[in-house]
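This report refers to the structure that appears directly beneath it.
Counting convention: from 1, in listed order, for ligands and their atoms alike. Just so it is clear, the structure is predicted and the values come from calculations on it, not from any experiment.
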Amino acid sequence: MFSRILIANRGEIAVRIIRAAHDLGIEAVAAYSTADKDSKHVRIADQAICIGPPAPADSYLNIARIIAAAEVANVDAIHPGYGFLAENSHFAEVCRSCNIEFIGPSVESMRLLGDKVQCKQLAVRHKVPTSPGSKGKIEDEANAVKTAKEIGYPVIIKAAAGGGGRGMRVAHNDMSLRSGIKAARQEAEAAFGDGTVYLEKFIEHARHVEVQILGDQHGNIVHLYERDCTMQRRKQKLIEESPCPVISSDEREKLCKAAVRLCKSAGYYSAGTVEFLMGSDKTFYLMEVNTRVQVEHPVTEMVTGIDIVKEQLSIAAGEKLSFSQKQVKQRGHAIEVRINAEDPAKNFAPCAGTIEHFDAPGGPGVRVDTHCHAGYRIPPNYDSMIAKLIVHQPTRDQAIASLKRALNEFTIDPIKTTIPLHADLMRNGNFIRSDVDINFVERLLGL
Ligand code: MV4
């Protein structure tokens, strides 16, 4: 096992990783920006090294500065968390060429799965369900129009290098398809330096269901069942839960096995997530594979009792998975709500500033993952998520009741947060019945 690791991240996930390291008897070194010098992860780390000013390009995204900090601290490995450099295969390659383990999958599987065209072709070969569309990338507009006629409108144009929805366009006819291809190409070229786009049937009224995977470096891969992340706004997840409330155990087993098959075929190890759309007829379609630990991993930890971040650390150190597929059981129901420092009355504008009063809820089955405390100043430079509130109860109804109680206890003053929005959603009939799709929140808020 490692003796010391560096955390190339900030906020709640840096705190989460340091805790996992300490639980395993590993020392944790925080690499932090000046904006985070008074942050909790810096305080609970065994050592902290300032890597630069607040701008991510000069600190959390700066490979040279992070590697320099890792060399100075003489760490065995780097955990990238999520966001920032977590899915940057070049960073993983640099780490390993410096003899520092990158806590994540191999460079090759990051490249393969990170390219959505290659990932989809791999899925087709292994009978993982996908949305019908272009065979590979779009070569020319005339060909794309022909494909669209075959599969029928609406279609969606996606960037091969994209993730989280950048470089995407929906088209309802030949003309908007032609202009959509041009726009998506330009956006993808500007954002990722790769204008490759592909086409598929647009799935309407879909839900978002994803499967958590863990694989070791000895060829063992298991799934930890699924999460339902349908409750989102502007492609930002708001609420995640496990199990998915609307699928049968047969559908669940098929979906999870397909996800394992895809990851096996990519030689995958570490934690990963296979994201699917579920149509209104409960048909599944692959969206993408995320080669990192995700924000919503705690709901899976609660229902399975498996510590995903500790497993990531032992997998990276070369150890075998400590359990088999048949030992993984889904127990009860977990729901996570993301608490963002945003003002819902001002179109969710981020709210920086100092938290004067901070009082987190507790009690049986209540977990709060946060880096915040009274006196904490939220810097304006990073994303607005300041806490995750997770509850675990025997049933979904009990989990909702527990969340209502916990949200009511949660005090974060005077910063505007999404707590009141979540309190409303817990009382919404559609959410309570899980009669929702990925556009539900935006429709509800009138956008
Ligand atoms: C889709 C889709 C409908 N049909 N693909 C959005 C992010 C990226 N990962 C893929 N996305 C979508 N792909 C087909 N064939 C709708 C979306 C989508 C979406 C997906 C999940 C959660 C929220 C979303 C919001 C808008 C569009």
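- Every protein residue with a heavy atom nearer than 4.0 Å to ligand 1 is included here: Ser131, Ile156, Lys158, Gly164, Gly165, Met168, Glu200, Lys201, Phe202, Ile203, His208, Gln232, Lys235, Leu277, Met287, Glu288, Ile438.
- Because its NZ or CZ atom is not both nearer than 6.0 Å to the ring centre of Phe102 and within 45° of the ring axis, Arg292 does not count as a cation-pi partner of that residue.
- Under the 3.5 Å distance criterion, with hydrogens and angles disregarded, no donor-acceptor pair is assigned to the side chains of Asp250 and Ser248.
- Proximity of a side-chain donor or acceptor of Lys388 to a complementary backbone N or O of Val295 within less than 3.5 Å is detected.
- Shown here are the side-chain contact (heavy atoms from CB on, under 4.5 Å) partners of Ile181, two or more places apart in sequence or in another chain: Ile138, Glu141, Ala144, Ile157, Leu177, Arg185, Val197.
- The side-chain hydrogen bond (donor to acceptor under 3.5 Å, both in side chains) search around Thr304 returns none, not counting sequence neighbours.
- Partners of Gln327 under the side-chain hydrogen bond (donor to acceptor under 3.5 Å, both in side chains) rule, at least two apart in sequence or in another chain, are Ser324.
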